[in-house]
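For reference, the structure is listed below as structure tokens.
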Amino acid sequence: MTEPLHSPLHDRHVALGAKFSEFGGWLMPLQYSGVVAEHRAVRTAVGVFDVSHLGKLRVTGEGAAAFVNRCLTNDLGRIAPGQAQYTLCCNSAGGVVDDIFTYLISAEEVFLVPNAANNDTVFGLLAAAAPEGITVANEHTGHAVIAVQGTSSDEVLDALELPTGHDYLTFVTASYAGTELIVCRTGYTGERGYELIVPAASAGLVWDGVLAAGAEYDLLPCGLGARDTLRTEMGYPLHGHDLSPEISPVMANLNWAVGWDKDEFWGADALRTQRAEKSGPLLRGLKAVGRGIPRPHMQVEASGDAVGAVTSGTFSPTLGTGIALALIERTVKVGDTVDVVVRDRREAFEVVKPPFVEPGVREA
């Protein structure tokens, strides 16, 4: 069995008393002070996450952006250098191999952030498809990613003299203590925040600076447990749960992340057919009417008949109730009430359109 990879910040997490969990081939912090406390810190103050397990790929060469655009679903022509975009890598059947953030540096350079477990798969697909003159480099372990998320994230970065206030889904290059890094106005929590892409060798320096600067703003180190409850409240999908090689962007209500007018992208024919036919299940939000806490794979029923299954489910610390994302038949509509089978009990849930709480990512 292959030993899981460690973040360049692993020793600092150990010193902070983190509880660890294997995720995507990496041993990463699950929690420090507790999932609920860390979740609430992000919603009301500020939290810092080590998400260095995320993948990192760099595509360079003349026509690099155009090449990526021919492969992935979203349309890079919609954005300009210095902007980021959510996109999907699909198979020929339209299923999602991975969901990815692309950072457009120039027409000749694109930086991609896939999920940890899928980094090598996406790298292999792009490298195999790359024409002469285009280089695809796997930089997975070359960078750390530190996410500063929450209502006071600007104040923390201001204290470090790092740039803040740029628009959502944009990024800028900056320097901290002699280290060049990228400050991205992105994140996976639904709150205003930033992700710092840092050379792995300088990760500790930047992490320590963030913790020191955040002390007066009640910053808490946060683990993947809180990251999961935060993203579920936003209705953000997690690959392997709400997206998979069998779950397409059409099924996951991600039509906005597909450049339907593009000439080509992987899975285009299958996705266009799915979209036109309007058949197959859809990803919906579920909010508990009572006290039921949904978990992945639990059956969803309507009038006693199975209509789907929970893909992501948790207790929402913000709402104080159970919430879920579920892949269910199209006959079930927003506003309907369904049952989720929780430990042999049928618990009532309202079908809703995510997000479950008001997002703050686009705040000026």
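Quick caveat: nothing in here was measured; it's all calculated off a predicted structure. In this chain, residues are counted from 1 in sequence order.
Although no hydrogens or angles enter the test, the distance criterion places a donor-acceptor pair under 3.5 Å between the side chain of Glu38 and the main chain of Tyr32. In this structure a side-chain-to-backbone donor-acceptor pair under 3.5 Å is present from Arg192 to Glu363. With hydrogens and angles ignored, the 3.5 Å screen pairs a side-chain donor or acceptor of Thr44 with a backbone N or O of Arg40. Remark: the backbone N or O of Gln85 is paired with a side-chain donor or acceptor of Thr102 at under 3.5 angstrom. Between the His140 side chain and the His53 main chain, a donor and an acceptor come within less than 3.5 Å of each other. Checking side-chain atoms of Asn91 against main-chain N and O of Pro245 turns up a donor-acceptor pair under 3.5 Å.
No side-chain heavy atom of Leu282 sits less than 4.5 Å from a side-chain heavy atom of Ile328. Using a 4.5 Å cut-off on side-chain heavy atoms (C-beta onward), Leu157 and Val148 make contact. Considering only heavy atoms from C-beta on, Phe349 stays 4.5 Å or farther from Thr337 through its side chain. Asp154 has its side chain within reach of Tyr194: a pair of non-hydrogen atoms, C-beta onward, lies under 4.5 Å apart. Residues Gln83 and Leu169 have side chains not in contact (no heavy-atom distance under 4.5 Å, counting atoms from C-beta outward). You'll find the side chain of Phe111 reaches within 4.5 Å of the side chain of His143, heavy atoms only. For the pair Asp75/Asn69, a side-chain contact is recorded, criterion being any heavy-atom separation below 4.5 Å from C-beta on. Residues Pro249 and Val258 are in side-chain contact: their nearest non-hydrogen atoms beyond the backbone lie under 4.5 Å apart.
Between Phe20 and His6, the distance from one ring center to the other does not fall under 6.0 angstrom. For an aromatic pair to be called close, the ring centres must be under 6.0 Å apart, and His10 with Trp26 fails this.
Both Val46 and Val210 are members of a single hydrophobic cluster when ILVMFWY side chains are connected at heavy-atom separations under 4.5 Å. Grouping the Ile, Leu, Val, Met, Phe, Trp and Tyr side chains by contacts below 4.5 angstrom, directly or via other members, places Phe356 with Val361. Hydrophobic cluster membership differs between Leu327 and Val351, with clusters built from Ile, Leu, Val, Met, Phe, Trp and Tyr side chains linked at under 4.5 angstrom. Leu238 is connected to Val96 through a chain of hydrophobic side-chain contacts under 4.5 Å among Ile, Leu, Val, Met, Phe, Trp and Tyr, so both are in one cluster. Under a hydrophobic clustering in which Ile, Leu, Val, Met, Phe, Trp and Tyr are joined whenever their side-chain heavy atoms come within less than 4.5 Å, directly or via other members, Ile293 and Val36 fall into different clusters.
If you take CG on Leu243 and OG on Ser312, they are separated by 9.0 Å, rounding to the nearest 0.5 Å. To the nearest 0.5 Å, atoms OG (Ser153) and CD (Glu195) are separated by 11.5 Å. Once rounded to the nearest 0.5 Å, the distance linking CG of Leu271 with OG1 of Thr73 reads 8.0 Å. To the nearest 0.5 Å, the span separating CZ on Arg284 from CD on Glu329 amounts to 12.0 Å. Interatomic distance, NE2 of His166 versus CZ of Arg185, reported as 7.5 Å (0.5 Å rounding). Rounding to the nearest 0.5 Å gives a distance of 9.0 Å between OG1 of Thr232 and NE2 of His241.
One finds no salt bridge joining Asp261 and Arg78 here, because no Lys/Arg side-chain nitrogen approaches an Asp/Glu carboxylate oxygen to under 4.0 Å. Arg345 has a carboxylate O that lies under 4.0 Å from a charged side-chain N of Glu347, or vice versa, which qualifies the two as a salt bridge. A salt bridge is defined here as a Lys NZ or Arg NE, NH1 or NH2 lying under 4.0 Å from an Asp or Glu carboxylate O, and Lys287 with Glu350 fails to meet this definition. A salt bridge does not link Arg70 with Asp263: every distance from a Lys NZ or Arg NE/NH1/NH2 to an Asp or Glu carboxylate oxygen is 4.0 Å or more.
Scanning both residues, Ala252 and Ile247, for their nearest heavy atoms gives CB-CG2, 4.5 Å. Taking all atoms of both residues into account, the shortest heavy-atom contact from Arg295 to Thr314 is NH1-CA, 3.5 Å. Heavy-atom minimum distance, Gly94 versus Cys90: O-SG, 3.7 Å. Between Thr229 and Ala226, the closest heavy-atom pair is OG1-O, 3.0 Å. Minimum heavy-atom separation, Leu162 to Ala174: CD2-CB, 4.0 Å. Considering every non-hydrogen atom in both Ala144 and Ala203, the closest pair reads CB-CB, 3.5 Å.
In this view, Arg43 and His39, Glu191, Leu230, Glu233, Met234, Thr318, Val357 satisfy the side-chain contact (heavy atoms from CB on, under 4.5 Å) rule, not counting sequence neighbours.
Annotation for Asn255: atom CG counts as buried by contact number, over 12 foreign heavy atoms lying within 6.0 Å. Around the CZ atom of Arg346, the shell of radius 6.0 Å holds no more than 12 heavy atoms that belong to other residues, nucleotides or ligands. Counting non-hydrogen atoms of other residues, nucleotides and ligands closer than 6.0 Å to CD of Glu22 gives a total above 12.
Side-chain polar atoms of Asp50 and Ser52 form a donor-acceptor pair below 3.5 angstrom. Side-chain contact of Thr186 with Tyr103: a donor-acceptor pair under 3.5 Å is present, judged by distance alone. In this structure, a donor-acceptor pair under 3.5 Å is absent between the side chains of Asn74 and Tyr86.
Note on residues 284-324: no pairs pass ring-ring contact (aromatic ring centres under 6.0 Å, His included), not counting sequence neighbours.
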side-chain contact (heavy atoms from CB on, under 4.5 Å) evaluation trace for Met28 with Val51: CA-CA 8 Å; Met28 298 299 294; Val51 287; 5.9 Å; no
CA sep, side-chain torsions, deciding dist, call: Arg12, Asp208, salt bridge (charged side-chain N to carboxylate O under 4.0 Å, His left out): CA-CA 9 Å; Arg12 282 168 169 78; Asp208 292 347; 2.8 Å; yes
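Side-chain heavy-atom separations under 4.5 angstrom define the hydrophobic clusters, and the remaining members of the one that includes Leu104 are Leu57, Val59, Phe67, Val68, Leu72, Leu76, Ile79, Val97, Ile100, Val110, Leu112, Val122, Phe123, Leu125, Leu126, Ile134, Val136, Trp266.
The cationic group of Arg275 lies under 6.0 Å from the six-membered ring centre of Trp260 and within 45° of the ring axis, placing it in a cation-pi geometry.
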